[in-house]
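Side chains included, hydrogens not; waters and symmetry mates left out as well; all remaining heavy atoms used.
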Amino acid sequence: MSTQSYGRGIALAAAGMLVISPDGLLIRLLDATGPWQLVFWRTAFMALALAVGLAIAYGGRLLPIARALGGGGLLAGIIIGLSNVTFVGAITNTTVANTLVILATLPLFAALFARAILGERVAPRTWAVIAVAFAGMVLIFANSLGGGSLTGDALALLTAALFSLGVVILRRAGNRDMTAALWVGAMVSALIALPLSLAGPSGLSLSGLVVPAGDMAILALLGLLILPLAFTLYIAGARYAPAAEIGLISLLQTVLGPLWAWLGVGERPAAAALAGGAVVIAAIAINSTLPLLRRRRRPA
């Protein structure tokens with residue numbers, strides 16, 4: 001792997017996580033949207049945006065694009081779509097802090113899956129950074145941990161495993177555009193969330209999809225712009241850098257989320273949270289820059 005390719009992968013993945021980092025703040029601003037309504041509208045809008053983007057890029061040939069994914073790309077899309085659903089199941093069955101700390105195991109799963117599926121070796125420094133980053137995540141949410149349930153915690157762990165597995169399978173495709181897999185994933189999530197959104201005390205009802213106009217504007221912003229752009233950048237980065245290191249980059253979203261909440265709604269993070277965030281960011285920065293520095297120092 002060349003220095004240029006590695007740097008491109010890290011930069012693309014980091015850009016994706018920066019784009020999606022205000023996600024938590026925007027969700028906090030929702031007034032009366034239920035969890036399954038949130039999943040449906042976010043992913044339905046995302047599927048629409050990706051479909052339009054793919055149609056423009058490839059001359060309207062959506063079905064051939066989907067077929068070109070092959071079995072691996074289709075499977076990865078379905079797995080990523082399922083991870084959206086299990087994430088909501090985690091959030092609604094355990095505490096947010098528990099969910100986010102458990103999701104910090106994503107780099108570990110990515111490393112294990114990449115080793116098993118791709119034969120990628122993980123550098124000792126990356127294992128060390130994964131451990132340090134996890135400790136930083138625990139420090140961020142130390143005051144909020146506990147009070148969850150085994151079901152919710154297990155779903156959070158399953159979410160980390162599913163998402164990292166999907167990314168590793170996409171990485172196996174090599175240097176190919178796998179944006180269509182994200183479209184498949186968004187469609188899967190929306191189709192699963194649709195009946196759960198419609199379900200009510202008296203059966204299925206279209207009223208289950210109705211949300212306030214202000215909420216719909218936020219959901220449209222997320223689904224039509226932020227999510228498709230963020231995940232397209234992140235998945236593109238996975239084509240160029242090792243899966244474990246791309247998994248580490250995903251923690252930037254969780255670390256930056258509380259800062260957006262501080263700026264947006266005045267939720268000042270505790271000193272421990274700021275310290276933990278600094279640890280995670282420093283660990284990721286060191287892990288990402290050391291390979292670049294070493295490669296540049298090698299003689300021609």
Side-chain angles (χ1 to χ4, degrees), residues 1-14 16-17 69-84 86-87 90 100-138 153-176 178 181-182 185 231 233-254 280 283-295 298:
M1 182 186 303
S2 69
T3 301
Q4 184 178 8
S5 293
Y6 176 85
R8 182 186 300 120
I10 295 298
L12 286 170
M17 292 301 96
L69 285 173
L74 183 62
L75 176 62
I78 293 172
I79 289 173
I80 291 174
L82 290 175
S83 73
N84 291 327
T86 56
F87 174 75
L100 295 178
V101 168
I102 292 170
L103 287 179
T105 61
L106 195 150
L108 174 61
F109 279 113
L112 295 175
F113 286 134
R115 179 62 176 153
I117 297 173
L118 306 177
E120 280 187 357
R121 293 186 179 275
V122 180
R125 62 170 172 78
T126 302
W127 286 118
V129 168
I130 289 174
V132 170
F134 184 79
M137 293 292 291
V138 172
D153 292 348
L155 285 171
L157 194 65
L158 180 59
T159 301
L162 286 173
F163 186 79
S164 58
L165 177 59
V167 172
V168 168
I169 294 174
L170 287 181
R171 178 162 168 71
R172 188 178 185 181
N175 192 14
R176 287 195 292 145
M178 299 299 284
L182 294 176
F231 281 111
L233 289 169
Y234 184 80
I235 293 299
R239 293 155 57 185
Y240 302 107
E245 304 195 23
I246 292 296
L248 273 171
I249 296 294
S250 70
L251 300 184
L252 286 176
Q253 176 192 1
T254 304
V280 175
I284 294 172
I286 292 171
N287 184 70
S288 300
T289 55
L290 277 180
L292 295 174
L293 294 174
R294 287 174 180 171
R295 287 168 182 160
R298 288 176 184 171

J.: Report the residues that fulfil side chain to side chain donor-acceptor pair (under 3.5 Å) with Thr86, sequence neighbours left out, ordered by chain and then residue number.
T.: Thr159
J.: Given Ile169, which partner from the list Leu118, Ile80, Leu74, Leu75 fulfils the side chain to side chain contact (heavy atoms under 4.5 Å, CB included) test?
T.: Leu75
J.: Using the side chain to side chain contact (heavy atoms under 4.5 Å, CB included) criterion, which residues pair with Val122? Sequence neighbours excluded.
T.: Ala111, Thr126, Trp127, Ala244
J.: Can you list everything that forms a side chain to side chain donor-acceptor pair (under 3.5 Å) with Thr254? Sequence neighbours excluded, please.
T.: none
J.: To check you understand the geometry: which heavy-atom pair defines the closest contact between Gly73 and Ala181, and what is its length?
T.: O-CB, 3.6 Å
J.: At their closest point, which heavy atom of Leu100 faces which heavy atom of Met137, and how far apart are they?
T.: O-CE, 3.7 Å
J.: Tell me the salt bridge (Lys or Arg N to Asp or Glu O under 4.0 Å) pairs involving residues 241-252, sequence neighbours left out?
T.: Arg125-Glu245
J.: Would you name the heavy atoms of Ala110 and Ser164 that are closest together and state the gap between them?
T.: N-CB, 3.7 Å
J.: So, taking the atom named CZ in Arg171 and the one named OH in Tyr240, what distance separates them when rounded to the nearest 0.5 Å?
T.: 11.0 Å
J.: Using every non-hydrogen atom in the two residues, find where Ala161 and Phe113 come nearest and quote the distance to one decimal.
T.: O-CE1, 3.4 Å
J.: At what distance, to the nearest 0.5 angstrom, does CG of Asn287 lie from CD1 of Ile130?
T.: 8.0 Å
J.: Nearest 0.5 Å, what's the CZ-CG distance between Phe163 and Leu158?
T.: 13.5 Å
J.: Evaluate the side-chain proximity of Leu103 to Phe87: yes if any heavy-atom separation is below 4.5 Å, no if none is.
T.: yes
J.: Can you tell if the side chain of Ser288 reaches within under 4.5 Å of the side chain of Ile249, non-hydrogen atoms only?
T.: yes
J.: Going by side chain to side chain contact (heavy atoms under 4.5 Å, CB included), name the residues that satisfy it together with Arg121, two or more places apart in sequence or in a different chain.
T.: Arg115
J.: May I have all residue pairs that pass side-chain hydrogen bond (donor to acceptor under 3.5 Å, both in side chains) and include part of residues 73-84, sequence neighbours excluded?
T.: Asn84-Ser189
J.: Quick check: closest heavy atoms across Leu251 and Ala104, and the distance to 0.1 Å?
T.: CD2-CA, 3.7 Å
J.: When you measure from the side chain of Arg239 to the backbone of Leu170, do you find a donor-acceptor pair of N or O atoms at a distance under 3.5 Å?
T.: no
J.: Taking the side chain as everything from C-beta on, heavy atoms only, tell me whether Phe109 gets closer than 4.5 Å to Leu165.
T.: no
J.: What distance separates Thr105 OG1 from Leu157 CG, expressed to the nearest 0.5 Å?
T.: 5.0 Å
J.: Taking C-beta and beyond as the side chain, do Ile246 and Tyr234 meet within less than 4.5 Å on heavy atoms?
T.: yes
J.: Restricting to non-hydrogen atoms, name the atom on Val167 and the atom on Ala238 that form the minimum distance, rounded to 0.1 Å.
T.: CG1-CB, 3.8 Å
J.: Distance from Ile284 atom CD1 to Thr289 atom OG1, nearest 0.5 Å?
T.: 11.5 Å
